[in-house]
Peer 1: 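First the structure, which I've put down as structure tokens, then a few questions once you've had a look.
Bear in mind that the values here come from a model prediction, so they are computed numbers and not experimental data. In each ligand, atom 1 is the first atom listed, and ligand 1 is the first ligand listed.
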Amino acid sequence: MNAVGIKPLPGFATLRDGYLPGNAKARSVLRITAADGLQQAVRVDVNGTGNGKAKLDTLKPNGSPLGSILANGFTSNGKNQSPLSRIGNSTNIKWHECLIDKIDRQNLLNQKGCVIWITGLSGSGKSTVACHLSKILTQMGKLTYILDGDNLRHGLNSDLSFKAEDRAENIRRVGEVAKLFSDAGVICIACLISPYRRDREACRKILPNGDFIEVFMDVPLGVCESRDPKGLYKLARAGKIKGFTGIDDPYEPPANCEITLKCDNGIYASPSAMAEKVICYLEYNGYLQA
Ligand SMILES: Nc1ncnc2c1ncn2[C@@H]1O[C@H](COP(=O)(O)OS(=O)(=O)O)[C@@H](OP(=O)(O)O)[C@H]1O
Ligand SMILES: Nc1ncnc2c1ncn2[C@@H]1O[C@H](COP(=O)(O)OP(=O)(O)O)[C@@H](O)[C@H]1O
């Protein structure tokens, strides 16, 4: 294979006539054609050896080394390794890999993508903590995005009610969207009541180990009800809203979450102090660097 003069991706050196200065790295995308005519795009990483010569480091079609599975599902000997799948009601579908992956995006952002999932009763402070968290992380140069249950019900989830099946579908959709943000390298902050443990656990399961960080707003119903910023508890108590979480609909607290935010000696920490606690967790667990 001749990798001479290939156009590099942003941030990488150009390889000219096999020469690469020092220990520089070059990276590009090549399109190769196999003997049977199958075309395949592959990522090439080329490393300088320190003496001006370049060494082909990796040829990466699918996160796998040269000679194994190509991104179209065929091996170099023509065997199809990834047949078409059926996922739910989607038939004959096939995952398409890209040459740029989560690691590349995380390197650009100098952070690790993850999902901070804030659960708790209405009025427990989920949205307030989410906003403080996003603000402080932004000031630290980190990219965040908030998925707020209330807001998403204005668009993506406007077809869903508050009955258990619809809440489950709400959480499933938001879990999938959060997974995409996390894969983009973003610190995604999802704040939803998410009252059922099994729905939250299902979101945890679709993410890589450790990347689902469950935060429980451990605020008693009495406190939430006394705050009642939207007057919803009052309406629920008057029977004007049916199936309101905590009043006549269940809330299942997490059995084993990563972070619990609650009051100390009867005093609630400020929202920014609560956000700082989450940031300490992110820092300690390496999410604030690539
Ligand atoms: N029946 C009922 N039960 C609970 N909450 C209700 C209900 N009806 C409307 N609301 C308002 O909807 C917001 C919760 O939406 P979520 O998408 O987070 O709920 S869930 O996760 O699907 O349970 C919630 O917002 P937050 O106060 O931010 O939690 C309420 O304002
Ligand atoms: N840590 C806190 N201490 C005292 N009040 C708070 C705290 N966090 C939020 N609040 C207040 O509680 C109310 C509900 O907060 P909100 O973030 O809307 O809750 P949720 O998103 O869980 O419904 C708001 O009036 C907010 O100002």
Peer 1: Report the member of Asp199, Leu235, Asn170 with the shortest heavy-atom distance to atom 17 (O) of ligand 1.
Peer 2: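 Nearest option to atom 17 (O) of ligand 1, by heavy atoms: Asn170.
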Peer 1: Using the side-chain contact (heavy atoms from CB on, under 4.5 Å) rule, pick out the option among Ile171, Ile189, Leu147 that qualifies with Trp117.
Peer 2: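 Only match with Trp117 under side-chain contact (heavy atoms from CB on, under 4.5 Å): Ile171.
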Peer 1: Regarding ligand 2, does Met274 bring an N or O atom to under 3.5 Å of one of the ligand's N or O atoms?
Peer 2: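 N/O-N/O distance under 3.5 Å: no.
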Peer 1: If you measure every N or O of Ile171 against every N or O of ligand 1, does any of those distances drop under 3.5 Å?
Peer 2: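 Min N/O separation from ligand 1 is not below 3.5 Å for Ile171.
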Peer 1: Would you mind listing which atoms of ligand 2 come within a distance below 4.0 Å of any non-hydrogen atom of Ser122?
Peer 2: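 Per the distance check, 23 (O).
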Peer 1: Atoms of ligand 1 less than 4.0 Å from Gly149 heavy atoms?
Peer 2: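 Going through ligand 1 atom by atom, the ones under 4.0 Å from Gly149 are 17 (O), 18 (O).
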Peer 1: With heavy atoms of Ser122 as the reference, note each atom of ligand 1 found under 4.0 Å away.
Peer 2: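 Result: 26 (P), 27 (O), 29 (O).
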Peer 1: What atoms of ligand 2 come closer than 4.0 angstrom to any heavy atom of Pro271?
Peer 2: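 Those qualifying, in numeric order: 1 (N), 2 (C), 7 (C), 8 (N).
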Peer 1: To which protein heavy atom is atom 2 (C) of ligand 2 closest, and what is the distance rounded to 0.1 Å?
Peer 2: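 Going atom by atom, the protein heavy atom closest to atom 2 (C) of ligand 2 ends up being Arg227 NH2, 3.8 Å.
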Peer 1: Is there a polar contact between ligand 1 and Asp148, counting only N or O atoms under 3.5 Å apart?
Peer 2: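 Looking only at distances, the answer is no, because the N/O contact criterion of under 3.5 Å is not met.
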Peer 1: Which one of Ile259, Thr260, Ile118 satisfies the side-chain contact (heavy atoms from CB on, under 4.5 Å) criterion with Phe216?
Peer 2: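 The single option meeting the side-chain contact (heavy atoms from CB on, under 4.5 Å) with Phe216 is Thr260.
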Peer 1: Salt-bridge test for Arg198 and Glu252: reply yes if a basic N is under 4.0 Å from a carboxylate O, no otherwise.
Peer 2: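 No.
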Peer 1: Using a 4.0 Å heavy-atom cut-off, say whether Leu121 meets ligand 2 through its side chain, its backbone, both or neither.
Peer 2: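 Backbone only.
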Peer 1: Give me the nearest non-hydrogen protein atom to atom 19 (O) of ligand 2 as residue plus atom name, then the distance to 0.1 Å.
Peer 2: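 Looking at atom 19 (O) of ligand 2, the protein heavy atom closest to it is Gly125 N, 3.0 Å.
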Peer 1: Can you tell me the protein heavy atom closest to atom 25 (O) of ligand 2 and the distance?
Peer 2: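 Of the protein heavy atoms, Pro229 CB, 3.9 Å lies nearest.
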Peer 1: Answer side chain, backbone, both or neither: which part of Ala269 comes under 4.0 Å from ligand 2, heavy atoms only.
Peer 2: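 Backbone only.
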Peer 1: For Val129, is at least one N or O under 3.5 Å away from an N or O on ligand 2?
Peer 2: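 No; the residue has no nitrogen or oxygen that sits under 3.5 Å from a nitrogen or oxygen of the ligand.
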Peer 1: Within the 4.0 Å heavy-atom shell around Gly243, which atoms of ligand 1 are there?
Peer 2: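 Per the distance check, 1 (N), 2 (C), 3 (N).
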Peer 1: Output yes when the distance from some N or O of ligand 2 to some N or O of Ser127 is under 3.5 Å, and no in every other case.
Peer 2: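 Checking ligand 2 against Ser127, an N or O pair does fall under 3.5 Å apart.
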Peer 1: Kindly confirm or rule out an N or O of Leu121 lying under 3.5 angstrom from an N or O of ligand 1.
Peer 2: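 So ligand 1 has no N or O lying under 3.5 Å from an N or O of Leu121.
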Peer 1: Of all the non-hydrogen atoms in the protein, which one sits nearest to atom 2 (C) of ligand 1, and at what distance?
Peer 2: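 Its nearest protein heavy-atom neighbour is Phe244 CD1, 3.4 Å.
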Peer 1: Is the number of heavy atoms from other residues, nucleotides or ligands within 6.0 Å of CG (Leu156) greater than 12?
Peer 2: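 Atom CG in Leu156 is crowded, with more than 12 foreign heavy atoms closer than 6.0 Å.
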Peer 1: Which heavy atom of the protein is the closest neighbour of atom 21 (O) of ligand 1, given with residue, atom name and distance?
Peer 2: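 Its nearest protein heavy-atom neighbour is Ser194 N, 2.8 Å.
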Peer 1: Does Ser134 offer a backbone N or O that forms a donor-acceptor pair with the side chain of Thr138 under 3.5 Å?
Peer 2: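 Yes, the answer is positive, given that a donor and an acceptor are paired below the 3.5 Å cut-off.
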Peer 1: For Lys126, is at least one N or O under 3.5 Å away from an N or O on ligand 2?
Peer 2: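 Yes, Lys126 has an N/O under 3.5 Å of an N/O on ligand 2.
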Peer 1: Considering only heavy atoms of Asp150, which atoms of ligand 1 have at least one such atom less than 4.0 Å away?
Peer 2: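 Taking each heavy atom of Asp150 in turn, ligand 1 has 12 (O), 13 (C), 25 (O), 28 (O), 31 (O) under 4.0 Å.
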Peer 1: Do the non-hydrogen side-chain atoms of Leu84 and Ile93 ever get within less than 4.5 Å of each other?
Peer 2: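 No - every pair of side-chain heavy atoms lies 4.5 Å or more apart.
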Peer 1: Considering only the protein, which heavy-atom contact is closest to atom 14 (C) of ligand 1, and what is its distance?
Peer 2: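 Checked against all protein heavy atoms, atom 14 (C) of ligand 1 sits closest to Ile193 CD1, 3.6 Å.
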Peer 1: Could you tell me the residue and atom name of the protein heavy atom closest to atom 31 (O) of ligand 1, and the distance to it rounded to 0.1 Å?
Peer 2: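 Minimum-distance protein heavy atom for atom 31 (O) of ligand 1 reads Lys230 NZ, 2.9 Å.
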Peer 1: Treating Asp228 as the side-chain partner and Tyr233 as the backbone partner, does any N or O pair qualify as donor plus acceptor under 3.5 Å?
Peer 2: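 Checked: pair present.
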Peer 1: I'd like to check whether Ser124 has a polar contact with ligand 2, where a contact means an N/O of the residue lying under 3.5 Å from an N/O of the ligand.
Peer 2: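 Checking ligand 2 against Ser124, an N or O pair does fall under 3.5 Å apart.
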Peer 1: Indicate, as side chain, backbone, both or neither, the part of Leu152 found under 4.0 angstrom from ligand 1 when only non-hydrogen atoms are considered.
Peer 2: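 No part of Leu152 comes within reach of ligand 1.
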Peer 1: So, does Lys126 use its side chain to make a donor-acceptor pair with the main chain of Ala190 at under 3.5 Å?
Peer 2: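 The answer is no, because no donor-acceptor pair under 3.5 Å joins these two groups.
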Peer 1: So which heavy atom in the protein is nearest atom 23 (O) of ligand 2, and how far is it from that ligand atom?
Peer 2: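 Answer for atom 23 (O) of ligand 2: Gly123 N, 2.7 Å.
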Peer 1: Given 3.5 Å as the limit, does a donor-acceptor pair link the side chain of Asp166 with the main chain of Ser161, or not?
Peer 2: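 Judged by distance alone, yes, a pair lies under 3.5 Å.
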Peer 1: Taking NZ, NE, NH1 and NH2 as the nitrogens, is one of them in Asp249 or Arg167 under 4.0 Å from a carboxylate oxygen of the other?
Peer 2: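 Salt bridge between Asp249 and Arg167, a charged N being under 4.0 Å from a carboxylate O: yes.
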Peer 1: What residue and heavy atom of the protein are closest to atom 8 (N) of ligand 1, and at what distance?
Peer 2: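 Atom 8 (N) of ligand 1 sits closest to the protein heavy atom Phe162 CE1, 3.4 Å.
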Peer 1: Gly120 near ligand 2, heavy-atom distance under 4.0 Å?
Peer 2: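 Checking ligand 2 against Gly120, which is what was asked, there is no heavy-atom contact under 4.0 Å.
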Peer 1: Just jot down the side-chain hydrogen bond (donor to acceptor under 3.5 Å, both in side chains) partners of Asn256, sequence neighbours excluded, or say none.
Peer 2: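 With neighbours one apart ignored, the set is empty.
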Peer 1: With distance as the sole test, does Asp104 use its side chain to make a donor-acceptor pair with the main-chain N or O of Asp101 at under 3.5 Å?
Peer 2: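 Confirmed, Asp104 side chain pairs with Asp101 backbone.
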Peer 1: Does Arg227 qualify as a cation-pi partner of Tyr268, given the criterion of NZ or CZ under 6.0 Å from the six-membered ring centre and within 45 degrees of its axis?
Peer 2: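 Here Arg227 passes the 6.0 Å and 45° test against Tyr268.
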Peer 1: Taking 4.0 angstrom as the limit, do Glu176 and Arg173 come out as a salt bridge?
Peer 2: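 Not counted as a salt bridge, because no side-chain N and carboxylate O are separated by less than 4.0 Å.
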Peer 1: Among all the protein's non-hydrogen atoms, which is closest to atom 30 (C) of ligand 1, and how far away is it?
Peer 2: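 Heavy-atom neighbour on the protein nearest atom 30 (C) of ligand 1: Leu232 CD1, 3.6 Å.
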Peer 1: Hey, is Thr245 one of the residues with a heavy atom under 4.0 angstrom from ligand 1?
Peer 2: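 A heavy atom of Thr245 does come that close to ligand 1.
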Peer 1: To the nearest 0.1 Å, how far is atom 18 (O) of ligand 2 from its closest protein heavy atom, and which atom is that?
Peer 2: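 Result: Thr128 OG1, 4.2 Å.
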Peer 1: Just to be sure I'm reading this right: ignoring hydrogens, which of Met217, Lys126, Arg167, Arg153 gets closest to atom 15 (O) of ligand 1? Compare them by their nearest heavy atoms.
Peer 2: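 Residue with the shortest heavy-atom distance to the ligand atom: Arg153.
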Peer 1: So does Ile213 get a backbone contact from the side chain of Glu258, meaning a donor-acceptor N/O pair under 3.5 Å?
Peer 2: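 A pair under 3.5 Å: no.
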Peer 1: Would you check if Met217 and Met274 make a side-chain contact, meaning some heavy-atom pair closer than 4.5 Å?
Peer 2: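 They are in side-chain contact.
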Peer 1: So, using ring pair (Phe, Tyr, Trp, His ring centres under 6.0 Å) as the criterion, who are the partners of Tyr145 when residues are at least two apart?
Peer 2: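 For Tyr145, the residues satisfying ring pair (Phe, Tyr, Trp, His ring centres under 6.0 Å) (neighbours in sequence not counted) are Phe181.
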Peer 1: Give a yes or no on this: more than 12 heavy atoms of other residues, nucleotides or ligands lie within 6.0 Å of atom NZ of Lys262.
Peer 2: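 Count not over threshold, so no.
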